[in-house]
Each structure stands twice: as C-alpha cells, then as structure tokens.
Amino acid sequence: MSFQVGEKIYEGKAKVIFNVQNQPDLVYQEFKDSLTAFNGEKKGGFKSKGHLNRDITSIIFQRLSQKGVPNHWIENQGDTGMITKRVKIIPIEVVVRNIAAGSLAKRLGWEEGRKLSLPIMEFYYKNDNLGDPIINEDHIRILGLATDETLSEIRRMAKIINGELTQLFGACGLDLVDFKLEFGRTKNGEIILADEVSPDTCRLWDKTTKEKLDKDRFRRDLGNIEEAYRKVHERVELAVKKGANS
Ligand code: TMP
Ligand code: ASP
C-alpha cells in the first residue's frame with residue numbers, strides 16, 4: 001500500500017515518529033543511525049544502523065505475529081522506515097533476563113554469564129528525567145502506570161516472547177542473554193508489543209565464541225559495532241529464510 005508521511009510527532013534517541021496522512025490509526029517510524037547509551041550521555045552511531053535495526057525488528061515482529069504475539073508492525077518503507085499501528089506506549093520498560101549481565105550482574109554482584117535457573121522479569125519506569133529507575137508492581141500501582149490486569153497481560157506476553165526469541169536467536173547460534181520490551185495500547189484497547197527488538201535492545205552472545213553482538217560493543221568501547229549488527233542481521237535473515245525452528 002502507498003502511504004504519505006505526514007508531520008513529525010516525536011523524536012526519540014533511536015527513532016523519529018511521524019503521522020501518516022489520512023491514516024489516523026497508523027504512524028511512520030524512521031530508524032536513526034545514531035546510537036546512545038547511559039540515558040543519552042554517550043553518543044555515537046554508524047551509517048547503516050537504522051537500516052539494520054529496522055530489518056531485524058521487522059523480521060522478528062513478523063515472526064512473532066505468526067506465533068500469535070500481536071505487535072505494531074504493518075509494513076516496511078524504504079531502507080529505514082516502518083509503518084506501524086498507532087499506540088499509546090505504556091511507560092514501563094519490561095526487561096527479561098536469561099543470563100546475568102549488565103545492571104543485574106552489577107546490582108547483585110553476580111558474575112556476567114551466570115545462567116539463571118529461571119528467567120527474571122524486571123520493570124523500569126520509562127522516564128528519562130529519572131534515568132528509567134527500576135520499579136516493582138507496587139510502584140506501578142501507586143504511579144498508576146498499569147492496572148493489575150494489564151500488567152498480568154504484559155507478563156504473559158513477555159514470557160511467550162522470551163520463548164520465541166530464545167528459539168529464533170538459538171537457531172542463529174546466539175544466546176539471548178536479556179532484552180527490553182515496550183508495550184502499547186491501540187485505540188481499541190488491545191495491548192500489543194511496540195518499539196523494536198534489535199541489537200540495541202537485546203544482549204546477544206555467540207553461543208560458541210561468547211562474542212558480544214549487540215550494543216554492549218558501543219557501551220563498553222569494544223569496537224566492530226557495525227560488524228556485530230551485520231552478523232545479527234545476516235543470521236536472523238538466514239534463520240527465517242530456512243524456516244528454522246518453525
Ligand atoms: P541492563 O542490564 O543495562 O539493565 O539492560 C538490560 C537489557 O535491556 C539489555 O538487553 C539492554 C536493554 N536496555 C534497553 O534496551 N534500553 C535501556 O535503556 C537499557 C538500560 C537497557
Ligand atoms: N537506551 C539508553 C540510551 O540510549 C541506555 C542504554 O541502552 O544503555 O541512553
């Protein structure tokens with residue numbers, strides 16, 4: 001279908017959101033080449049990042065749709081754009097962890113790479129001014145961020161997504177260490193997966209070499225950032241083409 005991009009609504013750290021003319025229930029998302037970390041304090045980027053993250057996200061979102069996980073993806077536009085359903089983002093960042101790393105390893109003094117005996121789900125308050133603090137279900141109730149019913153739906157979906165993504169990345173020779181999800185509510189009140197699933201929002205380690213193939217290469221100045229994102233793109237594309245794990 002042909003869509004006409006309208007005026008800019010919002011610019012985030014990794015994407016710019018626009019209206020779509022005559023389509024009030026849709027938006028156009030432009031994936032940026034910039035990379036930020038530590039709440040925007042560290043800045044960088046590379047030429048094809050927007051394209052790679054758009055492609056990786058769209059492949060994953062289409063896969064999740066096939067597996068019955070509703071999400072905002074409608075269709076890709078050009079190299080870096082995506083038409084999605086318009087949602088109101090629920091201001092909770094949902095992090096699911098399978099292996100200890102990052103802030104969890106630091107907070108509990110756990111060794112990075114420690115396999116967790118069961119996945120851990122965490123919630124963060126999506127609020128840049130506060131630096132996205134970790135919160136629990138009581139904070140969520142008092143802040144009025146989501147009802148108990150909404151939160152249990154989010155938990156249910158995040159659990160299913162963890163299973164599907166672990167399987168998909170597993171078929172790519174990657175360990176899904178942890179990842180962050182955002183959910184939104186459509187005009188009809190349906191809760192769907194939104195935002196993106198990419199090396200910006202997941203930790204992905206090569207199963208054999210344990211090489212980090214995600215944004216930690218940028219956060220930790222490990223080099224070869226573009227090469228890592230390209231590897232993930234290539235492997236995800238191949239796995240889906242082969243129908244691996246279908
Ligand atoms: P963390 O270990 O720094 O808390 O990150 C957990 C996961 O969430 C990791 O895969 C990176 C992702 N993440 C984001 O997508 N956005 C963020 O702002 C942060 C802090 C983490
Ligand atoms: N997403 C955050 C930022 O862009 C933090 C991170 O991913 O490390 O600053």
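Because the structure is a prediction, the values reported are computed rather than measured. Whatever order the structure lists them in is the order used to number ligands and atoms, beginning at 1.
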Problem set entry | side-chain hydrogen bond (donor to acceptor under 3.5 Å, both in side chains), paired with Lys13, selected from Asp128, Thr36, Asp200 | Asp128

Problem set entry | Cluster overlap Ile154 with Val95, hydrophobic side-chain contacts below 4.5 Å | no

For this session: Starting from atom 8 (O) of ligand 2, locate the nearest protein heavy atom and write down its residue, its atom name and how far away it is, to 0.1 Å.
Result: Arg219 NE, 2.7 Å

Exercise. How about Phe61 and Thr84: do any of their side-chain heavy atoms sit closer than 4.5 Å?
Worked result: no

For this session: Over all heavy atoms of both residues, which pair between Glu196 and Ala14 is shortest? Give the atoms and the distance, please.
Result: OE2-CB, 4.0 Å

Exercise. Of the protein's non-hydrogen atoms, which lies at the shortest distance from atom 4 (O) of ligand 2, and what is that distance?
Worked result: Thr36 OG1, 2.3 Å

Exercise. Going by heavy atoms, is Lys106 under 4.0 Å from ligand 1?
Worked result: no

Exercise. In the single-linkage hydrophobic clustering (I, L, V, M, F, W, Y; side-chain heavy atoms under 4.5 Å), do Met121 and Leu176 co-cluster?
Worked result: yes

Problem set entry | Where ligand 2 meets Gly40 - atom numbers and elements under 4.0 angstrom, heavy-atom basis | 3 (C), 9 (O)

For this session: Kindly give the heavy-atom pair with the smallest separation between Trp205 and Ala101, and that separation in Å.
Result: CZ2-CB, 4.1 Å

Exercise. Where is the nearest protein heavy atom to atom 4 (O) of ligand 1: which residue, which atom, and how far?
Worked result: Ser103 OG, 2.6 Å

Problem set entry | Taking atom 7 (C) of ligand 1 as the reference point, the nearest protein heavy atom with its distance | Asp178 OD1, 3.6 Å

Exercise. Among protein heavy atoms, which lies nearest atom 5 (C) of ligand 2, and at what distance?
Worked result: Phe38 N, 3.6 Å

Seminar exercise, completed: Taking only non-hydrogen atoms of Tyr124 and a 4.0 Å limit, the atoms of ligand 1 in range are 4 (O)

Exercise. Of all the non-hydrogen atoms in the protein, which one sits nearest to atom 16 (N) of ligand 1, and at what distance?
Worked result: Lys180 CE, 3.7 Å

Exercise. Taking the side chain from Asn127 and the backbone from Asp132, do they hold a donor-acceptor pair closer than 3.5 Å?
Worked result: no

Problem set entry | Within-cut-off N or O pair, Arg219 and ligand 1, under 3.5 Å | no

Exercise. Would you say Lys210 has more than 12 foreign heavy atoms packed within less than 6.0 Å of its NZ?
Worked result: yes

Exercise. With a 4.0 Å cut-off on heavy atoms, does Asp200 reach ligand 1?
Worked result: yes

Exercise. Counting only heavy atoms, which portion of Lys215 has something under 4.0 Å from ligand 1: side chain, backbone, both, or neither?
Worked result: neither

Problem set entry | Shortest protein contact, atom 17 (C) of ligand 1 (heavy atom only) | Glu93 OE1, 4.1 Å

Problem set entry | Proximal ligand 1 atoms for Phe179, defined as those under 4.0 Å from one of its heavy atoms | 10 (O)

For this session: Report the nearest protein non-hydrogen atom to atom 1 (N) of ligand 2: residue, atom name, distance rounded to 0.1 Å.
Result: Lys215 NZ, 3.7 Å

Exercise. Looking at atom 20 (C) of ligand 1, is any protein heavy atom nearer than 4.0 Å to it?
Worked result: no

Exercise. Among all protein non-hydrogen atoms, which one is nearest to atom 3 (O) of ligand 1, and what is the separation to 0.1 Å?
Worked result: Arg203 NH2, 3.7 Å

Exercise. Closest heavy-atom contact between Val197 and Cys202?
Worked result: CG1-SG, 3.7 Å

Exercise. Salt bridge (charged side-chain N to carboxylate O under 4.0 Å, His left out) between Arg235 and Asp206: does it pass, once the steps are laid out?
Worked result: CA-CA 11 Å; Arg235 292 192 199 185; Asp206 184 282; 2.9 Å; yes

Seminar exercise, completed: For Gly102, the ligand 1 atoms with a heavy-atom partner under 4.0 Å come out as 2 (O)

For this session: Run through Lys212, Arg97, Lys106 and flag the one making a salt bridge (Lys or Arg N to Asp or Glu O under 4.0 Å) with Glu112.
Result: Lys212

